[in-house]
Amino acid sequence: MKITNKRFPIPRRYILILSFLVLVLISGCSASGTIDSNTPGLFNHYVVYPFSELIQHIASSFSGSYGISIMLLTLIVRLVLMPLMIRQQLGVLKQRAKLKKLEPELAQLNKKYKESKEPDALRQKQQEMLQLYQQHGVNPFAIGCLPLLIQLPILTGLYFAIQMTPELTMHSFLWFELGSKDLIMPFVVAGVYWGQTVISQRLLPTASSGPQQPLAALVYLSPIAMGLFSFTVPAALPLYWTTGALFMIGQSALTYRLFRRQSIEEDLLTISADKS
C-alpha cells in the first residue's frame, strides 16, 4: 500500500493559512497611541477597546489599582481559554503516549534501515513508518491549531489594550510605574517563563525524537526572548506576561493530572475487557 507523505492533512493546511491571515490582519493594527471609542479599525473597536474598558472598570472596583486589574483580567481571559487549551494539551499527550508504545517497533525499523543510504530505501522506510502510525492511530503532527487560532486575537487584543489604555500609564503597582520601563521586571518575567518552560517540559514534554524534535530546543529560547523584550516596553506588559505564565504553570499541572486519571481509567477498562 503506497502512502503519500503529507506533512499536514489538507484541513490543517487551511487552518494554518487562516492563522497566517489572522496574524497579518493583527499585525496591521498598530498598538501605538491610545484607545477610545473613536479609534478606527475593526480589531481596535471590537476587541481592543472592550478590553480597555474592562481594565478601567476592574481597576475602579479595586481603588483604582490598574496592576490588580491587569492581573485579574489576564486570569479571567486565561480561565475562559483554559478548556480549549487543556483539550489541545490532552490530545497531544495522548499522541505522545501512543508514540511511546511504538518506540520498540520504530527502533526495529531504524535498525532495519540503519545501513541503507539509497533514496529508494529511505522512501520505503518512511512509508513503513507511516504505516505504523496509521495502524496505531498516531499522528505525530497533531498539535491542535484551532485553539491557537482562537486564542491569538484574544490575547493580542488584551496586549494592545494594556499598551494603549492612557489611564493605565499614570499609575504605579508594587515598586514600579506601569507606564514606564522597569529594570527588575524583565528578570521576573525571564525567571517565571523559565520555570514555566521547565515544568511544562517535565509534565507535558515535547517530543525528544521524531518530526517535532526541533521544537524541543526552541521552547527554551522563550524565557530569554521575553526577558530581553521586557526591557523595551512599559512594566505593565511584563506584569501581564508574568501573570499569564504563572497561570500556565498551574494549567500544565492540571492537564497532567487529568491525563494521568484518564490513562488509569483506560487501563482499568482494558483489563476488565480482557478478563471478560
Side-chain angles (χ1 to χ4, degrees), residues 22 25-86 147-193 195-196 226-227 229-254:
V22 170
L25 174 64
I26 293 176
S27 64
C29 305
S30 174
S32 60
T34 59
I35 188 75
D36 56 41
S37 58
N38 296 319
T39 304
L42 291 176
F43 186 73
N44 285 329
H45 186 74
Y46 291 104
V47 182
V48 180
Y49 178 65
F51 273 133
S52 178
E53 287 289 292
L54 279 173
I55 290 173
Q56 297 179 62
H57 178 73
I58 295 174
S60 66
S61 301
F62 288 89
S63 303
S65 177
Y66 278 82
I68 293 178
S69 177
I70 290 171
M71 296 177 70
L72 280 179
L73 187 54
T74 302
L75 293 176
I76 291 170
V77 169
R78 287 290 182 180
L79 281 170
V80 171
L81 294 173
M82 187 170 67
L84 284 173
M85 298 309 298
I86 287 182
L148 298 177
L149 179 61
I150 293 174
Q151 74 168 332
L152 178 62
I154 297 175
L155 295 179
T156 305
L158 180 55
Y159 166 85
F160 283 177
I162 293 172
Q163 194 169 8
M164 298 172 68
T165 301
E167 293 82 1
L168 185 148
T169 60
M170 298 178 289
H171 289 77
S172 61
F173 182 68
L174 298 178
W175 68 87
F176 53 87
E177 299 290 331
L178 292 172
S180 304
K181 299 172 185 176
D182 182 75
L183 296 179
I184 298 178
M185 283 304 293
F187 294 101
V188 174
V189 170
V192 173
Y193 263 78
Q196 179 201 347
M226 295 303 297
F229 189 58
S230 294
F231 280 107
T232 67
V233 296
L237 291 173
L239 177 63
Y240 160 58
W241 293 325
T242 300
T243 305
L246 288 172
F247 182 90
M248 293 301 293
I249 291 174
Q251 179 178 293
S252 296
L254 176 60

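The analysis underlying the following values was restricted to heavy atoms, covering all of them including side chains, and did not include hydrogens, waters or symmetry mates.
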Item to complete: Of all the heavy-atom pairs spanning Gln196 and Met248, show the shortest one and how long it is.
Response: NE2-CB, 3.4 Å
Worksheet item: Taking atom OG of Ser69 and atom CD1 of Ile76, what is their separation to the nearest 0.5 Å?
Response: 8.5 Å
Discussion item. Can you tell me how far apart CD (Glu177) and NE2 (His171) are? Round to the nearest 0.5 Å.
Written reply: 10.0 Å
Discussion item. Within the 4.5 Å heavy-atom criterion, are Arg78 and Leu155 side-chain neighbours or not?
Written reply: yes
Worksheet item: Between Ser60 (side chain) and His57 (backbone), is there a donor-acceptor pair under 3.5 Å?
Response: yes
Worksheet item: Is the side chain of Ser52 donor-acceptor paired with the backbone N or O of Val48 at a distance under 3.5 Å, no angle test?
Response: no
Worksheet item: How many angstroms lie between atom CD1 of Ile68 and atom CZ of Phe173, to the nearest 0.5 angstrom?
Response: 5.5 Å
Worksheet entry | Parallel, tilted or perpendicular, as decided by the 30° and 60° cut-offs, for the rings of Phe187 and Phe231 | perpendicular
Item to complete: Hey, could you give me the CZ/CG distance between Phe176 and Leu183, rounded to the nearest 0.5 Å?
Response: 12.5 Å
Worksheet item: For the atom pair CD (Gln56) and CG (Leu54), what is the distance rounded to the nearest 0.5 Å?
Response: 10.0 Å
Worksheet item: Minimum heavy-atom separation for Pro153 to Phe43, with atom names?
Response: O-CZ, 3.6 Å
Discussion item. Classify the ring geometry of Phe229 against Trp241: parallel below 30°, tilted from 30° to 60°, perpendicular beyond 60°.
Written reply: tilted
Item to complete: Nearest 0.5 Å please: distance from the OG atom of Ser172 over to the CG atom of Asp182.
Response: 11.5 Å
Practice prompt. Could you check whether the rings of His45 and Tyr49 sit parallel, tilted or perpendicular, using 30° and 60° as the cut-offs?
Written response: parallel
